[in-house]
2 protein chains.
Amino acid sequence: MTEQATTTFADVTRVEEIAPGRFTAEAHPEWTIGGKPNGGYLLAILGAAASRSAAHQDVLAASAHYLRAPKPGPVEVAVEVLRAGRSASQARARLTQDDTPCVEAMFTLGALTADTEPYWSAGAPEPQGREYAGCVPVTGPAGGGTGPVIMDQIDLRIQPEDLAFGRGTPTGAGVLRGWLGLPGGADFDPLSLLYAVDAFPPATMDIVLTGWVPTLELTAYVRALPAPGPVRVLHKAQLIEGGRVDEACFVWDSRGRLVAQATQLAGIRLDPPA
Amino acid sequence: MTEQATTTFADVTRVEEIAPGRFTAEAHPEWTIGGKPNGGYLLAILGAAASRSAAHQDVLAASAHYLRAPKPGPVEVAVEVLRAGRSASQARARLTQDDTPCVEAMFTLGALTADTEPYWSAGAPEPQGREYAGCVPVTGPAGGGTGPVIMDQIDLRIQPEDLAFGRGTPTGAGVLRGWLGLPGGADFDPLSLLYAVDAFPPATMDIVLTGWVPTLELTAYVRALPAPGPVRVLHKAQLIEGGRVDEACFVWDSRGRLVAQATQLAGIRLDPPA
């Protein structure tokens, strides 16, 4: 994160209700990769609109299918609340630009509390990788780096062992481990965690260097309210086949508690084709 | 699977188009658990309608949010095709009963081919657990077992080590490994794989015995056309916290190839509450 980051995450995901269930928002040009808005960032905008419309505020589960990337600029979000239950609500949200659908998402919302404790945990990976101070900041052009412009908005750090792809020598493990901080050091909340699960570069970069790896589907679960401070991220590829790859992402807060997890299916163009 | 299974999976997921994008279907009483239709079974019905409506036939990614369980009996499915691209289509589908929304799902569809090979695989688990012959059939009342009626429709087998919960002594690992076959020994296809990822009992039964574990969200990726024969299944719990659990499911075909994978977030009521 550099001096370039003058706005907060809440600023760049702000939605304005112009009619019941209809919102305007702005896909900011600084939150793009190769000119295309980041998918998790768009999901946070959709989540902000769903959260405003539903009886429950905290996103528990979000699923998005990506139809086409909007250009940076104004977008609209339409929300339909499907059910308002006692402990959870469900809503559908569609992001359009010039009346063309770009992202279709669904949300299950509820109330997360800060004081829950894991009852049982064994199947998810343990927090791993170097501590924050041992990781290397990834920056965009404003920070003197080679990353996309979005990297100048955030504090994204990857442990040096997992950055070998930057020297043209991916390790082949398909794993990226590091940390993420928001503009201005703001604390995470359920909406910004929807961005966190898609903030890291494709884990496929640690396997094979390719062009854009466009997300087809992204599902995120928010498991707890995060403690203050940057979050620890593990982003890993699982299977590349038939021109598609699935990735899993795990996010822990500063207490080492799993606060969000996600899977995504993305397209990947290999040469020679897979 | 017993003599009770007189219909095929294609029969019980059949959809009939009564107007463009509007379908009728039947939630069969035999495909229920405690009187509620299985969530993966309902997703296969939704997928059948989406597949009929879209320009591409094979489900690549499916995401569903479960609002309320329909009763066994007639249901309606409404499909809206959101995009028809060159290599993929996206569609939204809603299952209603008596005009009340029960399941909202999205699909990305494309063309799967039988001859793809993994380009890279490391992050997903390897096929594990005993072979088909070493696993124990789980049956419902018609088969003389204690399982729900749906177990009399399918050939579901779990390795004996993972069935300790049936003797009141769950291992605490939260993992169920076994095999699944369809009625009449029919081969799997992308639609029946949507059922396969939700066919096993909750993996939480290997941790703590509870009541119903209702699915809130289920996301499935179909990675390849499966080879003939039963499929191998690994179903595992990851984190129980705040009255919710996430589970991951991996499905391999008889060649040992990963053909489907899924995550789900479900509610779980613990005593004492988590």
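Note on naming: letters A, B, ... go to the chains in the order of the sequence lines (proteins, then strands), and numbering restarts at 1 for each one.
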> With only heavy atoms counted, which part of A:Pro118 is less than 4.5 Å from chain B, the side chain, the backbone, both or neither?
Replying inline: both
> Between B:Tyr221 and A:Thr263, is a side-chain contact (heavy atoms from CB on, under 4.5 Å) present by the stated rule, with each step listed?
Replying inline: CA-CA 10 Å; B:Tyr221 302 149; A:Thr263 60; 3.3 Å; yes
> What do the steps show when you test A:Arg92 against B:Met106 for side-chain contact (heavy atoms from CB on, under 4.5 Å), and what is the final call?
Replying inline: CA-CA 10 Å; A:Arg92 175 172 83 75; B:Met106 287 178 300; over 6 Å; no
>> Please classify the contact of A:Leu239 with chain B as side chain, backbone, both or neither, using a heavy-atom distance under 4.5 Å.
In response: both
>> With a 6.0 Å cut-off (strictly less than), is the heavy-atom count around CZ of A:Arg52, excluding the residue itself, greater than 12?
In response: yes
> Given a strict heavy-atom distance threshold of 4.5 Å, which part of B:Ala203 is in contact with chain A: side chain, backbone, both, or neither?
Replying inline: neither
>> As a quick check of understanding, evaluate side-chain contact (heavy atoms from CB on, under 4.5 Å) for A:Arg244 and B:Leu112, giving each step before the final call.
In response: CA-CA 11 Å; A:Arg244 285 176 288 275; B:Leu112 290 167; 3.5 Å; yes
> Contact part of A:Val175 toward chain B, heavy-atom cut-off under 4.5 Å: side chain, backbone, both or neither?
Replying inline: neither
> In terms of heavy-atom proximity below 4.5 Å to chain B, should A:Ile268 be classed as side chain, backbone, both, or neither?
Replying inline: neither
> What part of A:Gln261 lies closer than 4.5 angstrom to a heavy atom of chain B: side chain, backbone, both or neither?
Replying inline: side chain
> Checking heavy atoms, do the side chain of A:Ala88, its backbone, both or neither come under 4.5 Å from chain B?
Replying inline: neither
>> Are there over 12 heavy-atom neighbours, none belonging to A:Glu126, within less than 6.0 Å of that residue's CD?
In response: no
> Do other residues, nucleotides or ligands put more than 12 heavy atoms under 6.0 Å from A:Glu80 CD?
Replying inline: yes
> Thinking salt bridges, do A:Arg83 and B:Glu104 make one under a 4.0 Å N-O criterion?
Replying inline: no
> Which one, B:Ala237, B:Ser89, B:Pro101, B:Gly110, leads in non-hydrogen pairs under 4.5 Å with chain A?
Replying inline: B:Ala237
> Where is the tightest heavy-atom contact between A:Leu60 and B:Leu265, given as atom of each residue plus distance?
Replying inline: O-CD2, 3.9 Å
> If you count heavy-atom pairs under 4.5 Å between each of B:Leu216, B:Thr204, B:Ile207, B:Leu258 and chain A, which one has the most?
Replying inline: B:Ile207
>> Is there a side-chain contact (heavy atoms from CB on, under 4.5 Å) between A:Glu217 and B:Ser63? Walk through the geometry before answering.
In response: CA-CA 8 Å; A:Glu217 199 277 348; B:Ser63 321; 2.5 Å; yes
> Hey, which of A:Arg68, A:Lys236, A:His65, A:Gln90 has the most heavy atom pairs under 4.5 Å with chain B?
Replying inline: A:His65
>> Quick check on A:Ala248 against chain B: is it the side chain, the backbone, both or neither that has a heavy atom closer than 4.5 Å?
In response: neither
> Based on non-hydrogen pairs under 4.5 Å, which of B:Thr108, B:Asp115, B:Val245, B:Thr100 is most in contact with chain A?
Replying inline: B:Thr108
>> Is it the case that the side chain of A:Trp120 and the backbone of B:Gly172 share a donor-acceptor pair, with hydrogens and angles ignored and the cut-off at 3.5 Å?
In response: yes
> Would you call B:Arg223 and A:Glu241 a salt bridge, using N to O less than 4.0 angstrom?
Replying inline: no
